[in-house]
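Letters go in sequence order (proteins before strands), and every chain restarts at 1. Because the structure is a prediction, the values reported are computed rather than measured. The basis for the numbers below is simple: all heavy atoms, side chains too, and nothing from hydrogens, waters or symmetry mates.
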Amino acid sequence: MLSAANLGLVGCDACSLVCVSAPSGEQGFCPRCGEALHSRRKHALQRSWGLIIAALLCYIPANALPVLRTNMLGSTEDDTILGGVVLLYNSGSWPLALIVLVASVAIPLGKLIALSYLLLQVQRGRVTSTRDKTKLFRVVEVIGKWSMLDVFVDAYTVAMVQLQPLMSVEPGPGIVFFAAVVVLTVLAAEYFDPRLIWDAEGGVVP
Amino acid sequence: MPSGLSRCAALTATAIVLLLLANMTPLMSLSVLGRNSSTTILNGAVQMWHQGQPIAAAIIAFCAIIAPGAFLTAMAAVLNAARRPTVPAWTSEILRWTRYLHAWSLIEVMLLGLLVSLVKIAQLARVGADIGIFAVGALTVLFPLIVANFDAAEIWSRIEWVAQADTAARRGSDARS
Ligand SMILES: [Zn+2]
């Protein structure tokens, strides 16, 4: 397959100028903006895998531990992320419950599954329907930020409800694991190099 | 100056005013049994910090205040520099940041989060939206408009090459030769 790398060219990641590659073993820099040039991101697969595994490990406490603790007139109630969704549903706002469910549960899990799938395909060195795979990666990149929703919901619920001793809301230990899942999956997508999908189609094992 | 650039500059100036407004006025207020409380954007991060969640506090401060503020400042600097026929080389560094700063500006996610927390708190107390939340709403419209009107490729085409601008990038000319 014809690619820029085969022709000794490399696109700048920052300003998209097409540059001539540096001689092998040397680091090239973009003459226009000074960015270091990489035909493919270095250690893309290892870094992505590391971040995905770390995110999977954080996903368990993120869902098992409470993210909010409500103190009302002496009684205390802990809520996990799913508990918060159920509360929203019971209060009659099922559209918001659905939004929070999608943003907090479906998107992080879907991202982890989609990225693992893409990485496994690339590692096997044979990717079918490359165009769809590239599109899948773009979707993963764009929707990832929405999983930060619950961090904002919890922070502003906590910030608003500080009426001691009547009623107060505190963040629970789950929130830090949840935030970690979001940040780690965003970074995993950032390190993954979509150009590897096209390399694998051409049968070039990275 | 191309019309896209001046439109983009006007949108950026409006967004800066709105971001200041959003940060200086309360987002929403609550009243229950004669007690009142309200919150600002920064207060969301400060409360998380005080309640022993420094990482969540840092994420909120970064995604809701620092990244949007830095993005708009960077855009203003780039747009100002782009008024000249040849854009100075230092602009390229800032232009590179704008992509990341925009990616981490989670204004629209914050707005949805604020609405969900309003609905949640409405179960416990009487709540009301304040000026700040409307400013945040306007910003969620302005940010995509700024990006849509911003022709980065056009500015890159007029930028002074670092390879010519300073010797540190001599390595760059190797790559070019
Ligand atoms: Zn460049």
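At a heavy-atom cut-off of under 4.5 Å, chain A is reached by B/W104, B/L106, B/E108, B/V109, B/M110 from residues 104-111 of chain B, listed in order of number. Residues of residues 124-137 of chain B that come within less than 4.5 angstrom of chain A, heavy atom to heavy atom, are B/L124 in numerical order. Contacts between residues 68-101 of chain A and chain B, counted as heavy-atom pairs separated by less than 4.5 Å, involve A/L68, A/M72, A/G84, A/L88, A/S91, A/S93, A/L96, A/I99, A/V100.
The side-chain hydrogen bond (donor to acceptor under 3.5 Å, both in side chains) analysis of residues 71-80 of chain B, with sequence neighbours excluded, yields the pairs B/N80-B/R83.
Within a 6.0 Å radius of OH in A/Y191, other residues, nucleotides and ligands contribute 12 heavy atoms or fewer. Remark: A/F177 CZ is loosely packed, at most 12 non-hydrogen atoms of other residues, nucleotides or ligands lying under 6.0 Å away. For A/W146, the CH2 atom sits in a packed shell: over 12 heavy atoms of surrounding residues, nucleotides or ligands are nearer than 6.0 Å.
With a threshold of 4.5 angstrom between heavy atoms, B/L118 does not approach chain A through any atom at all. Neither the backbone nor the side chain of A/V10 comes within less than 4.5 Å of any heavy atom of chain B. Using a 4.5 Å cut-off between heavy atoms, B/T91 makes no contact with chain A at all. Heavy atoms closer than 4.5 Å to chain A are found in the side chain of B/Q53, but not in its backbone. For A/D150, no part sits under 4.5 Å from any heavy atom of chain B, backbone or side chain. With a 4.5 Å cut-off on non-hydrogen atoms, B/L112 touches chain A through its backbone and its side chain both.
We find the CD-OG1 distance between B/Q47 and A/T157 to be 12.0 Å, quoted to the nearest 0.5 Å. The distance from atom CE of A/M148 to atom SG of B/C63, rounded to the nearest 0.5 Å, is 4.5 Å.
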Worked check of side-chain contact (heavy atoms from CB on, under 4.5 Å) between A/M160 and B/S117: CA-CA 9 Å; A/M160 282 292 282; B/S117 67; 5.8 Å; no

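When B/L30, B/L95, B/V32 are compared by the number of non-hydrogen pairs under 4.5 Å with chain A, B/L30 comes out ahead. Your options are A/P173, A/A179, A/P171, A/A180, and the one with the most heavy-atom pairs under 4.5 Å with chain B is A/P171. Looking only at heavy-atom pairs under 4.5 Å with chain B, the residue among A/E190, A/E141, A/E35 that has the most is A/E35.
For the pair B/I121 and A/Y156, the minimum side-chain heavy-atom distance is 4.5 Å or more. Annotation: side chain of B/Q51 is in contact with side chain of A/Q162 (closest heavy-atom distance under 4.5 Å). No side-chain heavy atom of B/I159 sits under 4.5 Å from any side-chain heavy atom of A/C33.
Annotation for A/A159 and B/G44: closest pair CB-CA, 3.9 Å, computed over non-hydrogen atoms. Of all the heavy atoms in A/F152 and B/A64, the pair that sits closest is CE2-CB, 4.0 Å.
Without hydrogens or angle criteria, B/R35 side chain to A/Q164 main chain gives a donor-acceptor distance under 3.5 Å.
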